[in-house]
2 protein chains.
Amino acid sequence: MRLTEKKIAAILRQEGYKLTPQRRAVLATICLSRDHLTPADIYEKVRHESPGIGLVTVYRTLELLARLGLICELHSSGACRSYSLRRPAGHHHHLICTGCGVVADFTKCDLSELAERLARETGFEIEDHLLEFAGRCQTCRTSSERSAKQGDP
Amino acid sequence: MRLTEKKIAAILRQEGYKLTPQRRAVLATICLSRDHLTPADIYEKVRHESPGIGLVTVYRTLELLARLGLICELHSSGACRSYSLRRPAGHHHHLICTGCGVVADFTKCDLSELAERLARETGFEIEDHLLEFAGRCQTCRTSSERSAKQGDP
DNA sequence: CTGACTGCAAATAGTTTGCATGACG
DNA sequence: CGTCATGCAAACTATTTGCAGTCAG
């Protein structure tokens with residue numbers, strides 16, 4: 001089951017953090033979006049709802065949520081920092097379209113064998129992993145085929 | 001076989017780029033280091049050899065080398081952009097120590113099965129992937145065990 | 001009430017751009 | 001020699017910090 005706005009709010013309270021309208025707004029924005037959002041994206045979206053909010057507050061809220069493990073950071077070549085709601089499975093991975101930038105998530109992956117082998121070979125104690133695939137999504141593939149036929153500029 | 005400074009120099013010439021002392025210096029630094037270096041790291045190292053070099057030149061050289069596919073970029077939470085020599089296998093992956101930041105590379109991984117499944121399920125045409133493991137290297141594990149016994153501050 | 005939170009402004013870090021000078025081929 | 005490359009300074013973007021006022025609990 002996915003983390004909901006209410007659940008996150010409850011966790012915040014439990015941890016002794018105040019639930020301000022600004023935090024609610026940031027939270028709502030992240031919960032409503034399935035994409036990964038940069039701080040600036042979130043700020044833009046949140047402004048509509050809470051016009052007075054400052055970008056600084058968005059940064060601080062993101063930092064807080066990330067620290068509590070409620071949202072996850074994504075690092076890719078394009079946007080260096082973006083966030084999305086954490087999936088309940090604990091971790092998940094990304095499939096990023098090089099055309100339009102859309103991010104699809106997937107959770108099922110079995111890297112345990114590889115992780116074990118690496119641990120043996122390198123002496124690392126492996127704690128986590130980040131796996132990202134890059135490619136072209138259905139939509140971009142279709143549209144580039146179309147424009148190829150038309151002679152794309 | 002690993003890419004050498006000479007080989008890269010030859011490739012640059014082939015591609016019609018000039019081989020200036022500054023580019024040589026940046027190249028030498030990257031080739032001599034097995035770690036991933038940030039632009040600032042490289043700048044610092046290169047300065048010793050070529051005191052007059054500008055940070056801008058380092059950026060431009062890195063961009064050039066990355067464009068030619070001779071070095072690869074790494075994106076991780078800590079340092080957002082760092083570079084290392086490309087491994088001959090085409091692509092490789094990283095094992096990053098959360099303690100000291102050391103990066104070990106590995107090349108052997110078989111994600112083709114997973115990639116195929118994802119392609120089927122999502123309609124993406126998968127072109128590339130990025131796999132990073134995070135953990136604690138042998139050295140950090142040893143030293144944290146030691147400091148744990150001493151009562152780490 | 002009161003400490004945590006916010007917003008502003010300014011500081012900082014990282015990266016890019018414009019332009020005159022210099023050097024590789 | 002001509003053109004590409006360099007270095008400086010300035011512009012720009014992204015993020016962090018200091019501080020006084022505000023508000024959730």
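What you see is a predicted model; the values in this text were computed from it and never measured. Every chain is numbered from 1, with letters handed out A, B, ... down the list of sequences.
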Rounded to whole angstrom units, what separation is found between the [atom1] atom of [X] and the [atom2] atom of [N]?
X: Ile42(A); N: dT15(D); atom1: CD1; atom2: P; answer: 11 Å
X: Arg24(B); N: dG25(C); atom1: CZ; atom2: P; answer: 7 Å
X: Tyr59(B); N: dA5(D); atom1: OH; atom2: C1'; answer: 19 Å
X: Leu64(B); N: dC4(D); atom1: CG; atom2: P; answer: 14 Å
X: Asp41(B); N: dG14(C); atom1: CG; atom2: C1'; answer: 13 Å
X: Tyr43(A); N: dG7(C); atom1: OH; atom2: C1'; answer: 10 Å
X: Glu15(B); N: dG25(C); atom1: CD; atom2: C1'; answer: 17 Å
X: Arg47(B); N: dG7(D); atom1: CZ; atom2: C1'; answer: 13 Å

> With a non-hydrogen cut-off below 4.0 angstrom, is Gly16(A) in contact with a base, only sugar-phosphate, or nothing?
Replying inline: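 It contacts nothing in the nucleic acid.
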>> Please check: side-chain N/O of Thr57(B) versus main-chain N/O of Ile53(B), any donor-acceptor pairing under 3.5 Å?
In response: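 Side chain of Thr57(B) to backbone of Ile53(B), a donor-acceptor pair under 3.5 Å: no, none is there.
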Report the distance from atom [atom1] of [X] to atom [atom2] of [Y], rounding to the nearest 0.5 Å.
X: Thr38(A); Y: Tyr43(A); atom1: OG1; atom2: OH; value: 13.0 Å
X: Tyr59(B); Y: Ile42(B); atom1: OH; atom2: CD1; value: 10.0 Å
X: Glu63(A); Y: Arg60(A); atom1: CD; atom2: CZ; value: 9.5 Å

Given [options], identify the nucleotide with an atom nearest to the side chain of [X].
X: Val56(A); options: dG3(C), dA5(D), dA9(C); result: dA9(C)
X: Pro39(B); options: dT6(D), dT15(C), dG7(C); result: dT15(C)
X: Leu55(A); options: dT16(C), dT15(D), dA24(D); result: dT15(D)

Check whether any side-chain N or O of [X] sits under 4.0 Å from OP1 or OP2 of [N], and answer yes or no.
X: Arg23(A); N: dC5(C); answer: yes
X: Gln22(B); N: dG7(D); answer: yes
X: Thr20(B); N: dC4(D); answer: no

>> Quick test of your reading of the model: are Arg117(B) and Glu121(B) salt-bridged, counting only N-O distances below 4.0 Å?
In response: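 Result for this pair is yes, salt bridge flagged.
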>> Reading DNA chain C from 5' onward, which residue's closest nucleotide shows up sooner: Lys18(B) or Ala40(B)?
In response: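 Counting from the 5' end, the first nearest nucleotide belongs to Ala40(B).
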